[in-house]
Chemist: 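Just passing along the structure, written as structure tokens.
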Amino acid sequence: SGGDLVYSFVDYETQQQPVPGGSTTPAAVANAANQMSSAERRTSRKALLDTVSVMDYYDETDAAPTASAFARAFAAGKSVEVPQGASLTGLNSEVVIPNGKDLVTYGSISGTYGGRFKMEGSGEFFMRGGSLSNVFLLLTAGSPKVTGFRYSGRNNTAALLIQGSGGAAFSNVVIKDPRITGANYGILRQGVGSTLDGCQITGGFFQDLYGDAIEFNVCPGDRNVHV
């Protein structure tokens with residue numbers, strides 16, 4: 001790798017963290033939404049927080065969870081929520097998080113081979129509870145922020161993969177409080193095809209891994225990396 005690498009591992013601790021984009025609590029929104037129709041919930045959530053629940057965007061043809069339901073939700077709001085108590089199983093395809101949009105998860109998501117979330121640029125992947133099982137996170141460009149990431153499972157090469165192509169550029173990447181257990185690699189940076197200037201990884205907890213907790217592989221152009 002290139003540039004400065006600073007290592008200072010600390011223990012993971014659960015912290016109170018605000019919901020991106022607003023101060024209204026999800027519990028209050030959920031309580032109000034219970035009194036509304038599906039269409040009213042969509043309109044109300046967008047008006048209050050510009051946040052929508054993916055659960056409102058399934059239709060009768062969906063076998064939860066599906067990438068198409070997430071795509072419809074991201075088309076409707078800036079921030080998409082997986083609500084508390086939700087347990088989405090069997091994700092086997094790619095869910096795209098468009099540039100500038102956020103995913104907030106309170107529930108749990110599990111998958112099979114092929115299940116992944118792909119952040120296409122800047123935005124936030126915010127886990128306030130729940131976990132990912134065999135559904136990894138791919139960062140492809142921009143200045144993404146990942147907070148409270150929790151993952152387990154050995155179906156994927158890495159729990160969190162930082163990899164762009166075609167000259168993609170990363171800057172000021174933030175990965176805060178990741179907790180990765182029972183996996184292959186933890187956080188893996190593949191530097192071929194992209195550049196990175198600025199990355200902070202803090203508060204990490206890694207346990208029972210077959211590979212490295214954090215690896216930057218073939219990254220001669222990377223700089224300002226602090227772990």
Side-chain angles (χ1 to χ4, degrees), residues 1-5 20 65-75 78-80 91-105 109 111-127 132-151 153-176 178 180 183-202 204 206 209-227:
S1 61
D4 297 327
L5 294 175
T66 66
S68 58
F70 278 97
R72 288 190 290 270
F74 277 116
K78 180 183 182 299
S79 181
V80 171
L91 180 64
N92 61 4
S93 59
E94 179 179 271
V95 174
V96 174
I97 303 173
N99 183 32
K101 299 206 172 185
D102 306 323
L103 179 67
V104 184
T105 70
I109 306 170
T112 58
Y113 289 97
R116 71 180 187 182
F117 287 98
K118 175 183 176 183
M119 293 188 73
E120 290 193 323
S122 302
E124 183 166 3
F125 191 99
F126 184 93
M127 297 190 73
L132 299 178
S133 176
N134 288 316
V135 176
F136 77 99
L137 176 60
L138 171 63
L139 310 182
T140 61
S143 302
K145 182 177 181 180
V146 181
T147 304
F149 182 75
R150 297 182 181 182
Y151 174 96
R154 301 196 192 277
N155 281 5
N156 306 296
T157 301
L160 197 162
L161 180 61
I162 307 171
Q163 179 175 293
S165 61
F170 294 92
S171 64
N172 301 318
V173 177
V174 175
I175 302 172
K176 181 180 179 181
I180 299 171
N184 293 317
Y185 286 83
I187 299 170
L188 177 61
R189 161 75 173 134
Q190 296 283 25
V192 175
S194 63
T195 60
L196 183 151
D197 186 358
C199 178
Q200 293 188 25
I201 303 174
T202 60
F206 305 90
L209 305 182
Y210 285 167
D212 294 332
I214 301 172
E215 178 177 327
F216 276 59
N217 184 42
V218 191
C219 307
D222 287 5
R223 53 186 295 182
N224 298 316
V225 176
H226 299 268
V227 179

Chemist: Output all residues satisfying side chain to side chain contact (heavy atoms under 4.5 Å, CB included) with Glu120, sequence neighbours left out; order by chain, then residue number.
Modeler: Val96, Lys118, Thr140
Chemist: How about Leu132 and Phe149: do any of their side-chain heavy atoms sit closer than 4.5 Å?
Modeler: yes
Chemist: Taking all atoms of both residues into account, what is the closest heavy-atom pair of Phe206 and Pro178, and its distance?
Modeler: CZ-CG, 4.3 Å
Chemist: Starting at CG of Asn156, measure out to OH of Tyr113 and round the result to the nearest 0.5 Å.
Modeler: 8.5 Å
Chemist: Might you point out which heavy atoms bring Thr147 and Glu124 nearest each other, and give the distance in Å?
Modeler: OG1-OE2, 3.1 Å
Chemist: One pair to check against side chain to side chain contact (heavy atoms under 4.5 Å, CB included): Phe74 and Leu103. What are the steps and the verdict?
Modeler: CA-CA 9 Å; Phe74 277 116; Leu103 179 67; 4.2 Å; yes
Chemist: If you look at every heavy atom in Gly186 and Ala158, which pair is closest and at what distance?
Modeler: O-CB, 3.9 Å
Chemist: Could you go step by step and tell me if Gln190 and Val218 meet the side chain to side chain contact (heavy atoms under 4.5 Å, CB included) rule?
Modeler: CA-CA 7 Å; Gln190 296 283 25; Val218 191; 5.6 Å; no
Chemist: Looking at Ala67 and Ser93, what are the two nearest heavy atoms and their distance?
Modeler: CB-OG, 3.7 Å
Chemist: Which atoms form the tightest heavy-atom contact between Ala159 and Tyr151, and what is the distance?
Modeler: CB-CD2, 3.2 Å
Chemist: Looking only at heavy atoms, what is the nearest atom pair of Pro144 and Gly121, with distance?
Modeler: CB-O, 3.7 Å
Chemist: Nearest 0.5 Å please: distance from the CG atom of Leu160 over to the CD1 atom of Ile187.
Modeler: 5.5 Å
Chemist: Walk me through it: do Phe117 and Thr105 pass the test side chain to side chain contact (heavy atoms under 4.5 Å, CB included)?
Modeler: CA-CA 12 Å; Phe117 287 98; Thr105 70; 5.9 Å; no
Chemist: Starting from the C-alpha separation in whole Å, work towards a yes-or-no answer on side chain to side chain contact (heavy atoms under 4.5 Å, CB included) for Leu161 and Arg116.
Modeler: CA-CA 10 Å; Leu161 180 61; Arg116 71 180 187 182; 6.0 Å; no
Chemist: Indicate yes or no for a side-chain donor-acceptor contact from Ser122 to the backbone of Asn99 under 3.5 Å, with no hydrogens or angles considered.
Modeler: no
Chemist: Can you name the residues that form a ring pair (Phe, Tyr, Trp, His ring centres under 6.0 Å) with Phe170, not counting sequence neighbours?
Modeler: none
Chemist: Flag yes if more than 12 heavy atoms outside Lys101 fall under 6.0 Å of its NZ atom; otherwise flag no.
Modeler: yes
Chemist: To the nearest 0.5 Å, what is the distance between CD on Glu215 and CD1 on Ile162?
Modeler: 11.5 Å
Chemist: What's the spacing between Leu137 CG and Ile97 CD1 if we round to 0.5 Å?
Modeler: 6.5 Å
Chemist: Strictly distance-based, threshold 3.5 Å: is any side-chain N or O of Asn134 a donor or acceptor partner for the main-chain N or O of Arg154?
Modeler: yes
Chemist: Please report, to 0.1 Å, the donor-acceptor pairs under 3.5 Å made by any side chain of residues 192-201, with sequence neighbours excluded.
Modeler:
residue, atom, partner, partner atom, Å
Ser194, OG, Arg189, NH1, 2.8
Ser194, OG, Arg189, NH2, 3.3
Asp197, OD1, Asn224, ND2, 2.7

Chemist: Drop me the distance from Gln163's CD to Leu188's CG, to the nearest 0.5 angstrom.
Modeler: 7.5 Å
Chemist: Once rounded to the nearest 0.5 Å, what's the spacing between atom CD of Glu94 and atom CG of Leu138?
Modeler: 7.0 Å
